[in-house]
Amino acid sequence: MSTRAADGPPVAASDGHSPAPAAAPNPDRWAQWRWLRHEWTGAIVGGLLLAVVLTWPTMRHPASTVPGDLGDPTLQAWQMAWSGHALVSQPLDLWHSNTFYPERYTFAYSDTLLGYAPMGALGSGFEAALVHYNLMYVLVHALAFVGAYALVRQLGAGRWGGAVAGVAWAYAPWRLAHAGHLNILSSGGIALSLAMLARGHGWSLRHGYRPERRRPGWALAGWIVAAWQVSLGFGIGLPLVYFLLAAVVVAAGCYGWSWWRRRARVPFGRRLLLADLAGGLVFGAVTLLLGMVYLRVVDLNPQAVRSLDWTEMFSPPLIGFVTAPADSWLWGEPHAAAREQLSWPPEMTLLPGMALLGMAMAGLFVSVYPVRHRIALGLGVLGTVLLGLGATLGGDGDPGYLTLSRHLPGWDALRTPGRMMHWTSLLLAVLAAGLVTAFAESARRSPTRRWTRVLTTAALLAPLALVGLEGVNRTPHPVVPRPPAAMRVAQEPVLLLPIGGTNDLHYMLWTTDGFPRVANGLAGFEPATLAQTRAAAASFPDSASVAYLRGIGIRSVVAVPDRAVGTPWEGIAARPVDGLGITREEIDGVLVYHLG
């Protein structure tokens, strides 16, 4: 016996004893999990895994080591920790950090990495600061990959081209010279913001302007990401500011020209215009507010202004653009002789990758991009290389990088021309992606025999493997000195001895346990009070130094004898304190002086 469903075929009737029929598969059952197979899920997850592998062994001991050296990474770990602490507990004092006491606006003495404050707010203490730093070190590489992948996909390249561009840009050999400079490695927001802005405006290199593909929300997001990128520091953010300003002017000119030529208004849309205005206001406000803080620092510390002699000193010769840093696993040793010709290798080893150079050159002739756009990309590469030469261009760098330093507000503070390689290598990656995409599309049009597919896949894996191989590092990961127990009994404000050099960077990181105010600090310039304190404290403990320190509000002095060898404080433990009105105690070999 059977019955017929209202809208289906006959089904057997149940007699109460037979098992119920199996439910028909629901085609929408797995719909909610489709995102797991989405292209962008793969790109993000793949980018994260690749970042862990190609930055290894960063995540082996994230609570005790840092990549690079014990200099800037300890400063930047403190910066992230301070910004997170300040935004949660004392936002009005964000710019007045606990270092360089009693100075003001001390958080703006260097690029602040302010955009990483949410990470810094996730916990507190010395080990948390190190873990946050190492996590961000890995994540900035992942973001650079995803940003470049998104950009070239929006510009018209395929997935294989996106993968090659992402790896080539995120793990370019020249970046290994900056393993200890998180602010320099943090450039993923550049590519990601450009990708979002291009998507929002319906534009690509391959297809040009397509009004039907406009997405105002993406345009707004692009401006916000660009503002976040600027919040990480002007060292990388300022060129983005000027690039976007130039892009707006050029885009407006092209739009006006097209309108005049066609005698009809080209579609743009009110919503997109409003998104651009709102996003542009956010971007401009962030840039302006941060700029005002840095200008305030210069007003208070005129010695912070550096002459163009610094730019000339850091300007690389042409050979630097094909020379890899020592931390490159593949090219480090073969390029040792070339590095000896460079006066400052950390800023002059600028190899974007031999494989990338070759693919980009081929991409000028074979590509999915129109010829005129390939020419524009090639001119962009040439222009950024000429700017990157700095003062070595034509003997004096004018016209060139020094011209911008003399005429563009803020550009004179960008004293390292070689960092234009961010833009050079990104343009090279776009060219390479066009070549790889052309090859992949050509292969797809060929007969689909099994052996053909195997050979095609192998051929497409080759450029990806090559750019990945050039990104393999041999970066050292030293153990960071832990804060002494004596820090916990010292009453703030504190002076730590000896003063100067990387000692002060370590002291700054030590203060992440509670953020006591300290007179120590290290930045690109030295405030007047720190110089006076160093001079006055050279004879500590004696009556003059104690009187001076009390006068500026110092309540405790912590001396680390093991660090004092070769400094004015060598043998400080043997200096008497009788009659000075202070007390001294020793905790695990570290001296704490209580000034009362």
I would like to know whether T58 and H477 meet side-chain contact (heavy atoms from CB on, under 4.5 Å); could you show each step before the answer?
CA-CA 7 Å; T58 298; H477 285 69; 2.9 Å; yes
Aromatic ring pairing W223/F283, orientation class (parallel under 30°, perpendicular over 60°, tilted between)
tilted
Could you tell me how the ring of Y171 sits relative to the ring of H141: parallel (under 30°), tilted (30 to 60°) or perpendicular (over 60°)?
parallel
Kindly indicate whether the side chain of [X], heavy atoms from C-beta on, has any atom under 4.5 Å from the side chain of [Y].
X	Y	answer
V138	P62	no
T99	F107	no
N473	D327	no
L176	W329	no
S556	E492	no

Run the side-chain hydrogen bond (donor to acceptor under 3.5 Å, both in side chains) check on D412 and W310 step by step: do they pass?
CA-CA 10 Å; D412 57 330; W310 287 83; over 6 Å; no
Considering all heavy atoms of both residues, which atom of [X] and which atom of [Y] are nearest to each other, and what is their separation?
X	Y	value
L87	A117	CD1-CB, 3.2 Å
G380	L427	C-CD1, 3.4 Å
Y105	L300	CD1-CD1, 3.7 Å
P493	G553	CD-O, 3.3 Å
P498	D504	O-OD1, 4.4 Å
A179	G68	CB-CA, 4.2 Å

Residue pair H178, N183: steps toward the side-chain hydrogen bond (donor to acceptor under 3.5 Å, both in side chains) verdict:
CA-CA 9 Å; H178 297 285; N183 58 322; over 6 Å; no
Identify, with sequence neighbours excluded, every residue that meets ring-ring contact (aromatic ring centres under 6.0 Å, His included) alongside Y101.
none
Set of side chain to side chain donor-acceptor pair (under 3.5 Å) partners for E470, sequence neighbours left out
W331
Stepwise, does the side-chain hydrogen bond (donor to acceptor under 3.5 Å, both in side chains) test hold for T106 with H96?
CA-CA 5 Å; T106 53; H96 313 303; over 6 Å; no
Please determine, by modelled atom types, if H422 and S187 share a side-chain donor-acceptor pair under 3.5 angstrom.
yes
Aromatic centroids of W82 and F515 separated by under 6.0 Å
yes
Whether the side chain of S328 engages the backbone of A324 through a donor-acceptor N/O pair (distance < 3.5 Å, no angle test) should be reported.
no
Is the side chain of R474 donor-acceptor paired with the backbone N or O of A326 at a distance under 3.5 Å, no angle test?
yes
With Y116, which of S231, S186, S83 fulfils side-chain hydrogen bond (donor to acceptor under 3.5 Å, both in side chains)?
S186
Go through it in stages, so that I can follow the logic: the residues are W174 and F321, the test is ring pair (Phe, Tyr, Trp, His ring centres under 6.0 Å), and I'd like the CA-CA distance, side-chain angles, deciding distance and then a yes or no.
CA-CA 9 Å; W174 71 268; F321 289 84; over 10 Å; no
Taken to the nearest 0.5 Å, the spacing of M508 CE from L522 CG works out to 7.5 Å
Applying salt bridge (charged side-chain N to carboxylate O under 4.0 Å, His left out), run through R159 and E39 and close with a yes or a no.
CA-CA 9 Å; R159 297 186 182 186; E39 174 186 358; 3.6 Å; yes
Run the side-chain hydrogen bond (donor to acceptor under 3.5 Å, both in side chains) test on N98 and T511 for me, step by step, so that the C-alpha distance in whole Å, both residues' side-chain angles and the decisive distance to 0.1 Å come before the verdict.
CA-CA 8 Å; N98 68 310; T511 68; 3.0 Å; yes
Determine whether L428 and V381 satisfy the following criterion, side-chain contact (heavy atoms from CB on, under 4.5 Å), listing intermediate values before the conclusion.
CA-CA 7 Å; L428 291 172; V381 170; 3.9 Å; yes
